[in-house]
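Ligands are counted one by one from 1 in listed order, and the atoms in each one are counted from 1 as well.
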Amino acid sequence: MTPKTALTIAGSDSGGGAGIQADLRTFFANGVHGLVALTAVTVQNSLGVQGFTEIPADVVTAQIKAVASDMGVNAAKTGMLATAEIIRSVAKTLDEVEVGPFVVDPVAASMTGDPLLREDALEAIRMELFPRATLITPNLDEVRLLTGVSVVDAASQRAAAEALLEFGSRWVLVKGGHMTGTADCVDLLSDGREYITLSGPRYETENTHGGGDTLASAITASLAKGASVPDAVAAGKKFIERCVAEAYPLGAGVGPVSPFWVLGPRE
Ligand SMILES: Nc1ncnc2c1ncn2[C@@H]1O[C@H](COP(=O)(O)OP(=O)(O)OP(=O)(O)O)[C@@H](O)[C@H]1O
Ligand SMILES: Cc1ncc(CO)c(N)n1
């Protein structure tokens, strides 16, 4: 049987734990056929991003059109978009092709703090992509860059969600992975009417490389299969929790979260 399809518009991580590699393994683990529009090639390992080269914007959009016109896209997500020109071209293309529910993960930097977006491009994501998004999934650093709100507790997390919804997405998920001093990892999902708290244990691990990408692509996979946004986010949160719990060391720095548990017990 032909599975549902999900498209990732994102960059490559040579270390294999984040970017399109995280997205494709998450799509596979969730039973969805992954499609790719590559935006950039990063030179990256567990220690950080040493550099990147972007793909020409017309090649990014040609990839989207090629798969959308032939195979059909049941849901799509963005990760690293690299430049304002790519962002504007992607936005224009989304008006021309059908991609179903659209998740925007406003990736600005790697978890090691290395930039993955040229200056001025976050503003382009806000202006061009948020109004077209079904869901946006910023982490706390991205929340601060986008709204100026520093999330330190439940009240400021709600204030951040309200501020982000002003930019025009249908839903926002304010991820709480970077909140310090809390026993649980609490993410807040809202469409401005409902405020849904997703809470789970905070696992003691250094190895969370690719966590944001894995969460957003798990959500996208569920949306591709027809789930509502709250159901897709709940399923994504369960999936990422397990991936963080089973994250493994690889390299001298930060290791990746792991979807290998879907394969069942192994040696
Ligand atoms: N130590 C942890 N234990 C359990 N869940 C976690 C942990 N760290 C992050 N998470 C969860 O993982 C998801 C990603 O959250 P986070 O805020 O870390 O995103 P991110 O910063 O975009 O990820 P990345 O690490 O890829 O930059 C969220 O659902 C968050 O609650
Ligand atoms: C290519 C790429 N996309 C996203 C991230 C953020 O995790 C990363 N480190 N690398």
Side-chain angles (χ1 to χ4, degrees), residues 8-24 26 36-55 77-82 86 103-117 135-146 151 157 160 173-189 196-219 232-247 251 253-259:
T8 173
I9 307 167
S12 164
D13 168 11
S14 48
I20 57 161
Q21 289 79 8
D23 296 339
L24 289 177
T26 303
V36 178
L38 186 68
T39 58
V41 175
T42 72
V43 178
Q44 185 171 180
N45 58 21
S46 71
L47 298 171
V49 182
Q50 284 87 49
F52 71 79
T53 300
E54 59 264 22
I55 303 294
K77 73 163 286 253
T78 61
M80 174 186 185
L81 291 168
I86 291 177
V103 177
V104 175
D105 187 10
V107 173
S110 74
M111 60 181 313
T112 42
D114 303 304
L116 292 170
L117 211 51
L135 170 71
I136 63 173
T137 63
N139 68 23
L140 296 191
D141 301 317
E142 291 148 2
V143 168
R144 201 173 326 101
L145 288 171
L146 286 160
V151 175
Q157 196 171 24
L173 180 69
V174 180
K175 296 179 292 188
H178 296 200
M179 213 171 334
T180 48
T182 53
D184 288 341
C185 269
V186 182
D187 303 340
L188 180 67
L189 175 68
I196 303 170
T197 298
L198 298 111
S199 188
R202 179 182 293 279
Y203 294 102
E204 278 294 323
T205 176
E206 300 291 300
N207 303 318
T208 57
H209 182 62
D213 314 80
T214 299
L215 173 63
S217 44
I219 294 168
V233 172
K237 174 78 173 165
K238 281 204 163 56
F239 185 83
I240 184 63
E241 253 174 44
R242 193 76 191 270
C243 294
V244 174
E246 310 225 354
V254 180
V257 300
S258 171

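- Between Lys175 and ligand 1, a contact under 3.5 Å exists for at least one N or O pair.
- Side-chain atoms of Ser110 and Thr112 include a donor-acceptor pair closer than 3.5 Å.
- Among all non-hydrogen protein atoms, the one lying nearest atom 17 (O) of ligand 1 is Gly177 N, 3.0 Å.
- The nearest pair of heavy atoms linking Asp114 to Val49 is OD2-N, 2.9 Å.
- When every heavy atom of Thr42 is checked against every heavy atom of Asp13, the shortest pair comes out as OG1-CA, 3.6 Å.
- Of all protein heavy atoms, the one lying nearest to atom 5 (N) of ligand 1 is Cys185 SG, 3.6 Å.
- Side-chain atoms of Val233 and Asp187, non-hydrogen and from C-beta on, never get closer than 4.5 Å to each other.
- By the 4.5 Å heavy-atom criterion applied to side chains, Asn45 and Gln50 are counted as neighbours.
- With ligand atoms numbered from 1 in the order given, ligand 1 contributes 16 (P), 17 (O), 18 (O), 20 (P), 21 (O) to contacts under 4.0 Å with heavy atoms of His178.
- For a threshold of 3.5 Å applied to N or O pairs, the pair formed by Val244 and ligand 1 contains no separation below that value.
- Considering backbone and side-chain atoms alike, Glu142 places every N or O at 3.5 Å or more from each N or O of ligand 1.
- Here the side chain of Arg202 pairs a donor or acceptor atom with the backbone of Gly177 at under 3.5 angstrom.
- At a 4.0 Å cut-off, not a single heavy atom of Gly200 sits close enough to ligand 1 to count as contact.
- The shortest heavy-atom contact between Ala216 and Lys77 is CB-CE, 3.7 Å.
- Thr8 contributes no side-chain N or O that, together with a main-chain N or O of Val36, makes up a donor-acceptor pair within less than 3.5 Å.
- Applying the salt bridge (charged side-chain N to carboxylate O under 4.0 Å, His left out) rule to Glu206 yields no partners; only residues at least two apart in sequence or on another chain are considered.
- At a 4.0 Å heavy-atom cut-off, ligand 1 does not touch Glu241 at all.
- For the pair Pro259 and Thr214, the minimum side-chain heavy-atom distance is 4.5 Å or more.
- Listed by number with element, the atoms of ligand 1 under 4.0 angstrom from any heavy atom of Gly210 are 26 (O).
- For the side-chain contact (heavy atoms from CB on, under 4.5 Å) test with Val104, the passing option among Leu81, Leu135, Thr78 is Thr78; the others fail.
- Considering every non-hydrogen atom in both Val186 and Ser199, the closest pair reads CG2-OG, 3.6 Å.
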Write out each pair where an N or O from ligand 2 and one from the protein are under 3.5 Å apart, with the distance.
unit_1, atom_1, unit_2, atom_2, d
ligand 2, 7 (O), Asp213, OD1, 2.9
ligand 2, 9 (N), Gln44, OE1, 2.8
ligand 2, 10 (N), Gln44, NE2, 3.2

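- Inter-residue side-chain proximity for Glu241 and Leu198 is flagged as unmet; no heavy-atom pair is nearer than 4.5 Å.
- With respect to atom 12 (O) of ligand 1, the closest heavy atom belonging to the protein is Ile240 CG1, 3.6 Å.
- Taking any N or O of Arg202, backbone or side chain, none lies under 3.5 Å from an N or O belonging to ligand 1.
- Atoms of ligand 1 found under 4.0 Å from any heavy atom of Pro201 (numbered from 1 in listed order, with element): 3 (N), 4 (C).
- Polar contact with ligand 1: absent for Met111 (N/O pair, distance under 3.5 Å).
- Note: an N/O pair closer than 3.5 Å links Gly212 and ligand 1 by distance alone.
- Counting only N and O atoms by type, the side chains of Thr39 and Glu54 include no donor and acceptor under 3.5 Å apart.
- Close approach to Leu215 involves these atoms of ligand 1, each under 4.0 Å from a residue heavy atom: 13 (C), 28 (C), 29 (O).
- The two atoms that bring Ala18 and His209 nearest to each other are CB-NE2, 3.5 Å, heavy atoms only.
- Here is the list of ligand 1 atoms found below 4.0 Å of a heavy atom in Lys237: 29 (O), 31 (O).
- Distance from atom 3 (N) of ligand 1 to its nearest protein heavy atom, with residue and atom name: Tyr203 N, 2.9 Å.
- The ligand atoms of ligand 1 that sit less than 4.0 angstrom from a heavy atom of Thr208 are 25 (O).
- Near Asp187, meaning under 4.0 Å from one of its heavy atoms, ligand 1 places the atoms 28 (C), 29 (O), 30 (C), 31 (O).
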